[in-house]
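One-based numbering along the sequence shown. What you are looking at is a predicted structure, and each value in this text was computed from that prediction instead of being measured.
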Amino acid sequence: MALSLVKNVTKIVIGGGALYVTYDQGIWGEGSQSTKALTRLSGQLVAKQPPYVKEVPSTEQMAENARNTWNSGVMKVCSGLSAAPAFVGKYSEKATTSLALFIRQNLHPNVGK
């Protein structure tokens, strides 16, 4: 019972504190106050950004990179599939020749002489 009461009071205090801070900053006031608060807050956020955040590409750049990577992968798969018959023919001929040579040398040792 006491633990439940403490949890609920903590939630109410956190919510009330958040409401007080946002009201004090002018977020819940007139439009001009809200605009000033947003400008002030965004200025603080930009100033406190770590240096690597400035290196993060925009969403447009990320979309372009993802599209190019996807298209490149599709082209490689398609070119591999189109070249598959030639590779299969080449390696099957090589396997047939090797198997025939193996049979001649191991199963019929006197045939090659």
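- In this structure, the side chain to side chain contact (heavy atoms under 4.5 Å, CB included) partners of Leu101, at least two apart in sequence or on a different chain, are Arg104, Gln105.
- In the hydrophobic clustering, where aliphatic and aromatic side chains (Ile, Leu, Val, Met, Phe, Trp, Tyr) are joined below 4.5 Å either directly or transitively, Phe102 stands alone.
- Within the structure, salt bridge (charged side-chain N to carboxylate O under 4.0 Å, His left out) contacts touching residues 67-87 (residues at least two apart or in different chains) are Glu64-Arg67.
- Here the closest heavy-atom approach between residue Gly26 and residue Ala37 is recorded as C-CB, 4.4 Å.
- Thr22 pairs by the side chain to side chain contact (heavy atoms under 4.5 Å, CB included) definition with Leu19, Ile27, Trp28, not counting sequence neighbours.
- Shown here are the side chain to side chain donor-acceptor pair (under 3.5 Å) partners of Gln33, two or more places apart in sequence or in another chain: there are none.
- Evaluation of the side chain to side chain donor-acceptor pair (under 3.5 Å) rule for Glu60 yields Ser58 as partners, not counting sequence neighbours.
- The two residues Arg40 and Gln25 make their nearest non-hydrogen contact at NH2-O, 2.8 Å.
- The closest donor-acceptor contact from the side chain of Thr35 to the backbone of Gly31 lies under 3.5 Å.
- Residues passing the side chain to side chain donor-acceptor pair (under 3.5 Å) test with Thr69, sequence neighbours excluded: none.
- Checked by atom type and distance alone, the side chain of Asn8 pairs as donor or acceptor with a backbone atom of Ser4 at under 3.5 Å.
- For the side chain to side chain donor-acceptor pair (under 3.5 Å) condition, no pair includes a residue of residues 85-103, sequence neighbours left out.
- For Val9, the side chain to side chain contact (heavy atoms under 4.5 Å, CB included) criterion is met by Leu5, Val13, not counting sequence neighbours.
- When hydrophobic residues (I, L, V, M, F, W, Y) are linked wherever their side-chain heavy atoms come within less than 4.5 Å, Val88 remains an isolated member.
- Listed by chain and number, the hydrophobic cluster partners of Met75 come to none, as no ILVMFWY side chain reaches under 4.5 Å of it.
- Not counting sequence neighbours, the partners of Val74 by the side chain to side chain contact (heavy atoms under 4.5 Å, CB included) test are Trp70, Cys78.
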